[in-house]
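Letters A, B, ... mirror the listed sequences (proteins, then strands); counts begin at 1. When reading the values below, keep in mind they use all heavy atoms of this one structure, side chains included, and skip hydrogens, waters and symmetry mates.
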Amino acid sequence: MSIPRITIAQAQHHVGELVSIPGWLYNLRKSGKIAFPILRDGSGLMQCVAVKAQLPEALFEDIKGLTQESSIIVTGRIRAEERAQGGFEMDVEQLEIVQRVPETEPYPITPKDHGIEFLMDHRHLWLRSRRQTAIAKIRHEVIKGIRDFFDGNGFTLVDTPIFTPAACEGTSTLFEVDYFEDEKVYLTQSGQLYNEANAMALGKVYCFGPTFRAEKSKTRRHLTEFWMVEPEMAYADLEDVKKLAEGLICFVVDRVLNNRNAELKVLERDISKLESIKAPFNRMTYDDSVKILQERGSEIQWGGDFGNADETLLTQDMDKPVLVDRFPASFKAFYFQPAPEREDVVLGVDVIAPEGYGEIIGGGQRIHDLELLKKRLHDHQLPEEAFNWYLDLRRYGSVPHGGFGMGVERFTAWMCGTEHIRETIAYPRMLYRTRP
RNA sequence: UCCUCGGUAGCUCAACGGUAGAGCAUUCGGCUGUUAACCGAAGGGUUGUAGGUUCGAAUCCUACCCGAGGAGCCA
């Protein structure tokens with residue numbers, strides 16, 4: 001009978017059994033007659049114990065000579081062991097070396113400290129470390145949670161194009177791409193306009209994919225390529241959008257807390273900060289937030305957008321996100337519906353996360369009136385012809401509608417408590433970093 | 001794009017204008033319960049690049065390159 005292959009995560013169900021675990025050597029501690037190879041397989045870490053007296057001489061010598069990140073398949077018996085991290089150990093009976101890393105070119109990332117430049121240059125290897133695998137799993141949980149939330153609430157996934165003919169919003173900088181025959185296209189900065197068309201077809205929709213912004217932002221919260229989920233609902237007003245945003249955040253936070261406790265521990269995340277994220281969130285208008293910020297010493301004037309310091313200042317005494325709505329029309333995109341009670345503010349809403357993680361959601365109610373939308377296009381000096389298909393949505397059964405966009409990396413950074421957004425995506429694209 | 005800081009061994013960092021050094025990694029030796037194991041030894045350098053000042057530059061000056069932190073812009 002062949003020996004069953006398991007993962008380290010499954011080891012707890014195989015105590016006393018002889019099993020094989022394929023993986024990589026994470027670290028090796030050894031003395032004259034005993035060695036402790038630490039095995040890594042992506043599901044966890046397992047301390048193995050190789051005792052000289054119980055193994056063929058050649059095998060023990062091979063184990064003692066193993067190099068970091070060599071690929072190995074270890075066979076042995078699983079045992080509960082208090083002294084081992086994770087609570088289980090494997091007594092080695094056999095060890096197959098799949099590829100031994102040569103000592104002439106040792107694995108560059110040692111268990112000691114490294115600088116960020118070195119780690120980013122070796123991102124393809126850095127991903128193997130405990131902290132990075134924990135973040136990857138939480139990102140996965142966030143994405144799975146988002147999809148389950150929308151799928152379970154009557155939304156249909158409709159993917160929007162990545163090549164787009166022009167600016168969705170007309171303002172932000174876009175990456176230009178050479179298409180065929182002198183044509184220029186741009187990498188999408190939002191699927192929203194297409195989402196609005198899709199919502200008129202299907203009622204509730206979302207798109208989920210990469211987004212590109214050619215802004216020369218150099219901060220810990222910006223990537224030039226990031227993932228964004230954007231829901232859009234027909235027959236919806238600002239209040240519906242706010243409830244949806246709140247519901248989504250609570251759902252995903254709950255998922256992460258329930259399913260990724262071990263990873264949060266690896267990251268030393270303060271769990272209580274996530275546990276306090278429960279509806280209802282704080283709500284305020286832009287007007288109120290400006291007053292609060294000014295009282296707290298911010299330079300912000302009515303009509304200006306929040307800086308990073310403002311976002312942190314606004315949420316400093318909050319243990320959950322805040323929904324800020326009714327922004328000045330002057331710095332919001334052309335498609336925002338004006339507030340019914342006041343012309344100078346629009347029905348946009350931003351969700352600002354606590355702990356300095358900033359704006360994780362931006363959205364609102366869209367203009368559904370054809371003439372008003374045409375006027376706004378004109379005011380923003382955007383060419384009406386380019387938006388003709390978009391205007392059709394107001395010609396044929398227009399209804400109030402709205403939605404938002406949520407950045408996956410910012411959300412994941414918040415869940416993980418990471419200092420910098422770059423760790424939340426496998427291969428971050430930033431102002432000065434496009435490799436590996 | 002602007003401001004600030006930095007670039008020395010594979011990595012993390014020291015070194016007053018006067019012989020470039022430590023820890024880790026690697027190699028060799030020792031050790032039967034280690035937890036970034038420990039102990040002993042060895043090898044390892046055009047000090048980011050190009051100029052300049054000086055008897056003498058890792059150190060001072062200039063330019064450039066690369067990176068980090070922040071600002072603005074934005075999710």
Side-chain angles (χ1 to χ4, degrees), chain A residues 26-38 45 47-55 60 64-65 67-69 79 81-86 89 91 101-122 125-126 129-130 168-169 171-174 189-192 210-230 245 299 304-311 331-333 350-353 357-363 404-414 419-422 424 430-433 435:
Chain A
Y26 188 76
N27 196 9
L28 176 68
R29 288 182 284 267
K30 59 179 190 248
S31 61
K33 291 168 186 159
I34 189 166
F36 300 94
I38 313 294
L45 294 179
Q47 171 157 291
C48 305
V49 187
V51 179
K52 186 176 185 180
Q54 293 164 16
L55 293 170
F60 187 73
K64 273 180 75 176
T67 44
Q68 195 190 352
E69 284 300 315
R79 177 166 45 75
E81 172 58 67
E82 270 185 17
R83 287 173 285 185
Q85 270 190 7
E89 259 183 8
D91 289 317
V101 175
E103 47 274 290
T104 48
E105 281 184 274
Y107 185 72
I109 302 178
T110 65
K112 290 277 179 178
D113 289 335
H114 299 283
I116 191 63
E117 184 180 5
F118 180 80
L119 290 171
M120 288 302 292
D121 284 343
H122 295 83
L125 302 177
W126 187 23
S129 73
R130 250 183 121 193
C168 280
E169 306 183 1
T171 52
S172 293
T173 341
L174 296 162
Q189 61 173 348
S190 165
Q192 188 206 308
T211 296
F212 306 86
R213 305 270 167 102
E215 292 145 7
K216 294 202 164 178
S217 301
K218 188 173 162 33
T219 79
R220 65 181 66 175
R221 302 175 313 285
H222 286 87
L223 299 166
T224 54
E225 176 185 318
F226 65 99
W227 283 66
M228 186 157 70
V229 59
E230 294 174 273
E299 301 282 303
D305 206 352
F306 301 138
N308 179 46
D310 291 324
E311 289 177 350
F331 68 78
K332 284 288 177 184
D350 282 359
V351 181
I352 300 170
Y357 284 93
E359 185 185 342
I360 49 168
I361 283 180
F404 60 81
M406 183 170 88
V408 167
E409 288 77 14
R410 281 192 185 174
F411 194 93
T412 304
W414 175 35
E419 189 96 338
H420 199 298
I421 196 171
R422 66 189 158 213
T424 62
M430 295 175 293
L431 180 52
Y432 296 121
R433 170 79 56 182
R435 271 181 285 266

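The separation of A58(B) from G33(B), taken at their C1' atoms, amounts to 45 Å, rounded to a whole angstrom. Rounded to the nearest Å, the gap between the P atom of A41(B) and that of U46(B) is 26 Å. Taking atom C1' in both G44(B) and C24(B), the straight-line distance is 14 Å, to the nearest Å. Going from the P atom of A50(B) to that of U8(B) covers 16 Å, rounded to whole Å. G56(B) and C66(B) have their C1' atoms separated by 29 Å, given to the nearest Å. Look at the P atom in both A71(B) and A15(B): the space between them is 30 Å, to the nearest Å. For the P atom pair drawn from G21(B) and C64(B), the interatomic distance equals 34 Å after rounding to whole Å. Comparing the C1' positions of G52(B) and A57(B) gives an interatomic distance of 11 Å, to the nearest angstrom.
Residue N27(A) is in sugar-phosphate contact alone, with no base atom involved, counting any heavy-atom pair closer than 4.0 Å across all strands shown. Note on G115(A): only backbone sugar-phosphate atoms sit closer than 4.0 angstrom, heavy atoms only; bases stay farther off. R422(A) comes within 4.0 angstrom of sugar-phosphate atoms only, judged by non-hydrogen atoms across all strands, and of no base. Note on L223(A): a base of the nucleic acid sits closer than 4.0 angstrom, heavy atoms only. Residue contacts for E409(A): at a heavy-atom cut-off of 4.0 Å it reaches no nucleic acid atom on any strand shown. No engagement by H122(A) is indicated, since no non-hydrogen atom pair under 4.0 Å with the nucleic acid exists.
Between the CE atom of M430(A) and the P atom of A68(B) there is a distance of 6 Å, given to the nearest Å. Between the CD1 atom of I116(A) and the P atom of C66(B) there is a distance of 19 Å, rounded to whole Å. Rounded to an integer number of Å, the gap from NE2 of H114(A) to P of C11(B) is 10 Å. Whole-Å rounding puts the H222(A) NE2 to A68(B) C1' distance at 17 Å. Rounded to an integer number of Å, the gap from CG of N308(A) to C1' of G69(B) is 13 Å. Between the CG atom of D113(A) and the P atom of G10(B) there is a distance of 18 Å, given to the nearest Å. Per the geometry, CD belonging to E82(A) stands 18 Å off P belonging to G33(B), to the nearest Å. Atom-to-atom, OH of Y107(A) to P of G10(B) comes out at 19 Å; the value is rounded to the nearest Å.
The listed nucleotides are G69(B), G33(B), C74(B); the one nearest the side chain of D305(A) is C74(B). Between C74(B), A68(B), G10(B), one nucleotide has an atom nearer to the side chain of F118(A) than all others, and that is G10(B). Distance from the side chain of V49(A) is smallest to G33(B) among C74(B), C24(B), G33(B).
Here G69(B) sits opposite C3(B) as a Watson-Crick or G-U wobble pair (both hydrogen-bonding atom distances under 3.5 Å). Partner assigned to A25(B) is none, using Watson-Crick or G-U wobble distances below 3.5 angstrom. Taking a pair to require two hydrogen-bonding distances under 3.5 Å in either a Watson-Crick or a G-U wobble arrangement, A20(B) remains unpaired. Judged by Watson-Crick or G-U wobble contacts below 3.5 Å, the nucleotide U46(B) has no partner. Across all strands shown, A58(B) forms no Watson-Crick or G-U wobble pair with both distances under 3.5 Å. A 3.5 Å limit on both hydrogen-bonding distances identifies no Watson-Crick or G-U partner for U34(B).
When atom types are taken as modelled, the side chain of R213(A) and the backbone of Q189(A) share a donor-acceptor pair closer than 3.5 angstrom. A donor-acceptor contact shorter than 3.5 Å is absent between the side chain of E230(A) and the backbone of F404(A).
Looking at which nucleotide of RNA chain B each of K332(A) and R29(A) is closest to, the 5′-most match is held by R29(A).
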Got a list of protein N/O to nucleotides 26-28 of chain B N/O distances below 3.5 Å?
from: U27(B); atom 1: OP1; to: E103(A); atom 2: OE1; distance (Å): 2.8

What protein N or O atoms touch nucleotides 30-32 of chain B N or O atoms at under 3.5 angstrom, if any, and at what distances?
from: U32(B); atom 1: OP2; to: K33(A); atom 2: N; distance (Å): 3.4

Write out a two-atom table: protein N or O, nucleotide N or O from nucleotides 41-46 of chain B, distance below 3.5 Å.
none

Dump the pairs, protein N or O against N or O of nucleotides 1-9 of chain B, anything under 3.5 Å, distances to one decimal.
from: U1(B); atom 1: OP1; to: K216(A); atom 2: NZ; distance (Å): 3.1
from: U1(B); atom 1: O4; to: K216(A); atom 2: O; distance (Å): 3.3

May I have the step-by-step check of side chain to side chain donor-acceptor pair (under 3.5 Å) for H114(A) and T110(A), ending in yes or no? CA-CA 8 Å; H114(A) 299 283; T110(A) 65; 3.2 Å; yes
Please assess D350(A) against I361(A) for the test side-chain contact (heavy atoms from CB on, under 4.5 Å), listing each intermediate value before the final yes or no. CA-CA 6 Å; D350(A) 282 359; I361(A) 283 180; over 6 Å; no
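The shortest side-chain heavy-atom distance between L174(A) and F212(A) does not fall under the 4.5 Å cut-off. A heavy-atom distance below 4.5 Å is not found between the side chains of Q68(A) and L28(A). Side-chain contact between E299(A) and D310(A): absent, with no pair of heavy atoms (C-beta onward) separated by less than 4.5 Å.
The base of G33(B) is paired with the side chain of E89(A) by a donor and an acceptor separated by under 3.5 Å.
In plain terms, the two heavy atoms of L125(A) and Y107(A) that are nearest each other are O-OH, 3.0 Å. Across G32(A) and K52(A), no two heavy atoms sit closer than the pair O-CD, 4.1 Å. Of all heavy-atom pairs between T224(A) and M430(A), the closest is OG1-N, 3.8 Å. Across every non-hydrogen atom of I360(A) and F411(A), the tightest pair is CD1-CD1, 4.1 Å. Taking both residues in full, the closest heavy atoms of I421(A) and H222(A) are given as CG2-N, 3.8 Å, listed atom of the first, atom of the second, then distance. Annotation for A245(A) and V351(A): closest pair CB-CG2, 4.2 Å, computed over non-hydrogen atoms.
Here R79(A) does not reach the OP1 or OP2 of G33(B): none of its side-chain N or O atoms lies under 4.0 Å away.
The side chain to side chain donor-acceptor pair (under 3.5 Å) check on D305(A) picks up nothing, with sequence neighbours excluded. Looking at residues two or more places apart in sequence or on another chain, you find a side chain to side chain donor-acceptor pair (under 3.5 Å) between R83(A) and E81(A).
Here the OH atom belonging to Y26(A) is positioned 6.5 Å from the CZ atom belonging to R130(A), to the nearest 0.5 angstrom.
For the residue pair Q47(A) / E89(A), a side-chain donor-acceptor distance below 3.5 Å is found, with atom types taken as modelled.
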